[in-house]
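I have placed the structure first, in the form of structure tokens, so that the comments after it can refer back to it.
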Amino acid sequence: MTVSQTRKNSTPIKVYCLPDEKAQIQENAEASGLSVASFIRKVAMGYQVESIVDIKQVIELSRVNADLGRLGGLLKLWLANDPRTVNFSPTLIKTLLEKIELTRYELRIIMDRILDK
């Protein structure tokens, strides 16, 4: 009868590092959503470790994109003379266009932040 191999019953590899190096490794592991052991194993084996920060930024981009979609939908209703927009004043439309522009600017900031990494 053979015993299945697990990491728990295998020989560990010890790595000595300075306190600031240990802190950086822990921080990087946390940013990737992995335990320190999993993070070190993946990096040492040549795998690309993705940051959960990137995932959070994609979620943020999705939120901003949804805002743009809603604002664009309102503008489209107004342009199509939809009866639900009969009470839209020119001031409201101007405010809507300004909000679209601000949201586009917010989207650009998030994209620049992602690309600067």
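- The list of side-chain hydrogen bond (donor to acceptor under 3.5 Å, both in side chains) pairs with a residue in residues 90-100, not counting sequence neighbours, is empty.
- A pairwise comparison of heavy atoms in Leu96 and Leu75 identifies CD2-N, 3.7 Å as the closest pair.
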Show which side-chain atoms of residues 79-87 pair as donor or acceptor with protein atoms under 3.5 Å away, not counting sequence neighbours.
{"from": "Asp82", "atom 1": "OD1", "to": "Arg84", "atom 2": "N", "distance (Å)": "2.8"}
{"from": "Asp82", "atom 1": "OD1", "to": "Arg84", "atom 2": "NE", "distance (Å)": "2.9"}
{"from": "Asp82", "atom 1": "OD2", "to": "Arg84", "atom 2": "NH2", "distance (Å)": "3.0"}
{"from": "Thr85", "atom 1": "OG1", "to": "Asp82", "atom 2": "O", "distance (Å)": "2.8"}

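- For the atom pair CG of Asp20 and NZ of Lys22, the computed distance is 12.0 Å after rounding to the nearest 0.5 Å.
- To the nearest 0.5 Å, atom CZ of residue Phe39 and atom CG of residue Asn28 are 4.5 Å apart.
- With sequence neighbours left out, Glu101 forms a side chain to side chain contact (heavy atoms under 4.5 Å, CB included) with Arg104.
- By the criterion of side-chain heavy atoms lying less than 4.5 angstrom apart, applied directly or through intervening Ile, Leu, Val, Met, Phe, Trp or Tyr residues, Tyr105 is not grouped with Ile100; the two fall into different hydrophobic clusters.
- One finds the CD1 atom of Ile40 at 9.0 Å from the CD atom of Gln26 (value rounded to the nearest 0.5 Å).
- Heavy-atom contacts from other residues, nucleotides or ligands closer than 6.0 Å to CD1 of Ile13 number 12 or fewer.
- Cluster annotation: Trp78 is connected to Leu97 through the hydrophobic network of ILVMFWY side chains, with a link wherever side-chain heavy atoms come within less than 4.5 Å.
- Criterion: ILVMFWY side-chain heavy atoms under 4.5 Å apart, direct or through other members. Under it, Leu92 and Leu68 are part of a common hydrophobic cluster.
- By the 4.5 Å heavy-atom criterion applied to side chains, Phe88 and Leu74 are counted as neighbours.
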- Message: Could you walk me through whether Arg63 and Glu106 satisfy the salt bridge (Lys or Arg N to Asp or Glu O under 4.0 Å) test, starting with their C-alpha distance in whole Å, then the side-chain angles of each, then the deciding distance to 0.1 Å, before giving a yes or no?
- Response: CA-CA 11 Å; Arg63 179 194 58 79; Glu106 182 182 355; 2.7 Å; yes
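- Taking every heavy atom of both residues into account, Val36 and Ala29 meet most closely at CA-CB, 3.9 Å.
- Checked by atom type and distance alone, the side chain of Asn9 pairs as donor or acceptor with a backbone atom of Thr6 at under 3.5 Å.
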- Show the numbers, then the answer: is there a side chain to side chain contact (heavy atoms under 4.5 Å, CB included) between Glu21 and Gln24? CA-CA 5 Å; Glu21 293 170 331; Gln24 183 65 53; 5.7 Å; no
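- Put simply, CG on Leu107 and CG on Leu102 are 12.5 Å apart, with the number rounded to the nearest 0.5 Å.
- You'll find the side chain of Gln48 stays beyond 4.5 Å of the side chain of Lys42, heavy atoms only.
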